[in-house]
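Before any comments, here is the structure.
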Amino acid sequence: MLLATWNVNSLKARLARVLEFLDTHRPDVLCLQETKASSDSFPHTELKDAGYSAVDHSGGRWAGVAIVAPVEHSLDHIVRGLASEPRPDEARWIEATVSADGNPLRVVSVYVPNGRALDHPAFQDKLKFLDAMVERTTTLVKDPLFLAGDMNIAPADADVYDPAAFRGSTHTSAAERSRLSRLLASGLVDTFRHLEPDSTQYTWWDYRAGNFHKNLGLRIDLGLLTPDLARRCQRCGIDRSFRKGPKPSDHAPLLIQLS
DNA sequence: ATGGCTTGTTTTACAAGA
């Protein structure tokens, strides 16, 4: 079973690359973030033509998340939004149960708020969102869970190209990292780091200043698994080829192969 | 490296991203 997550920075602008991704990897689950779609404009028809169905939580101009799976898998028990999240209209959390050959897997696609700056009101909303996430996840981890998306937190300095440059910035603060630690402590494994304890690899690079070519990036897109599923993980990798070529997202997709 | 690209929109300027 192949699981994936990808912040596409507009599903409309990235549709050709997303179809290319589905054709190349044929994932059983693809979590999308920053779809920047409305419910009406979500490209269900184009995905269906590629053999995939999707459930979306769409907020229009910004954010937006979705879960995509092959049409032959069932996709049900959909939950849109997170109880006690500060701005429910922003469409940052969706849950669904994906069943392949009768084996159910609970899946979450999440797009954590950016936070802008430590002294910005948006940062308090980011922390509240993370608290709401921890609260909900405590219940979800009782069953097999794949919780994936753009956490907008680099878990450790090893996940940051220049830790000194990020001191005093969002994505690396103690307030954010302690909440991510609580999320993991609720019973989830950071799959990439579990399989690659010493590897330095990123999932996001700024569009500007040739940062991708200089490999100046952050690892902020995570695929989290409950321990029984993590034990079944054979491979976990970041497909940098989708950060290259025509009209790339500024994030690369993360792939997780389960036995 | 100081927002240097990229996206969408209440477009021809601005907001947001990380």
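Bear in mind the structure is a predicted one, so any value in this text is a computation, not a measurement. First the proteins, then the strands, lettered A, B, ... as listed; each starts at 1.
- Within 4.0 Å of Asp250(A), counting heavy atoms only, lies no atom of the nucleic acid at all.
- Side chain to side chain, Ser241(A) and Asp239(A) meet the donor-acceptor criterion of an N or O pair below 3.5 Å.
- As judged by a 4.0 angstrom heavy-atom cut-off over every strand, His120(A) is placed among residues making no nucleic acid contact.
- Between dT6(B) and dT11(B), the distance separating the two P atoms is 23 Å to the nearest Å.
- Taking the nucleotide of DNA chain B with the nearest heavy atom to each of Gly210(A) and Gly115(A), the more 5' of the two is matched to Gly210(A).
- Per the geometry, NZ belonging to Lys214(A) stands 10 Å off P belonging to dA1(B), to the nearest Å.
- Among the atoms of the strands shown, only primed sugar atoms or phosphate atoms (P, OP1, OP2) are found under 4.0 Å from some heavy atom of Asn7(A).
- Rounded to whole Å, the distance from NZ on Lys126(A) to P on dG17(B) is 10 Å.
- Scored by the salt bridge (charged side-chain N to carboxylate O under 4.0 Å, His left out) test, Asp101(A) finds no partners at all (sequence neighbours excluded).
- Considering only residues two or more places apart in sequence or on other chains, Tyr52(A) meets the ring pair (Phe, Tyr, Trp, His ring centres under 6.0 Å) condition with none of them.
- Spacing between atom CG of Leu216(A) and atom P of dA1(B) amounts to 11 Å, rounded to whole angstrom units.
- Using a 4.0 Å heavy-atom distance criterion, Asp150(A) is classed as a sugar-phosphate-only contact.
- The separation of dT10(B) from dG4(B), taken at their C1' atoms, amounts to 28 Å, rounded to a whole angstrom.
- Rounded to whole Å, the distance from CZ on Arg167(A) to C1' on dA1(B) is 18 Å.
- Here His44(A) pairs with Phe42(A) under the ring pair (Phe, Tyr, Trp, His ring centres under 6.0 Å) rule; sequence neighbours left out.
- When the salt bridge (charged side-chain N to carboxylate O under 4.0 Å, His left out) test is applied to Glu20(A), the partners found at least two apart in sequence or on another chain are Arg17(A).
- Note on residues 74-112 of chain A: no pairs pass ring pair (Phe, Tyr, Trp, His ring centres under 6.0 Å), not counting sequence neighbours.
- Atoms NE2 (His213(A)) and P (dG4(B)) sit 18 Å apart, rounded to a whole Å.
- Tyr202(A) places none of its side-chain heavy atoms less than 4.5 Å from the side chain of Val160(A).
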Using a cutoff of under 3.5 Å, can you pull out all pairs of nitrogen or oxygen atoms linking the protein to nucleotides 7-10 of chain B, with atom names and distances?
from, atom 1, to, atom 2, distance (Å)
dT7(B), OP1, Arg14(A), NH1, 3.4
dT7(B), OP1, Lys247(A), NZ, 3.0
dT7(B), O3', Ser10(A), OG, 3.2
dG8(B), OP1, Ser10(A), OG, 2.5
dG8(B), N2, Arg61(A), NH2, 2.4

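- Spacing of C1' atoms, dT7(B) relative to dT2(B), comes out at 22 Å, to the nearest Å.
- Note on Phe212(A): nothing from the nucleic acid sits closer than 4.0 angstrom, heavy atoms only.
- Taking atom CH2 of residue Trp204(A) and atom C1' of nucleotide dT6(B), one finds them 12 Å apart after rounding to whole Å.
- When each of Pro113(A) and Asn211(A) is assigned the nucleotide of DNA chain B bearing its nearest heavy atom, the one mapping closer to the 5' terminus is Asn211(A).
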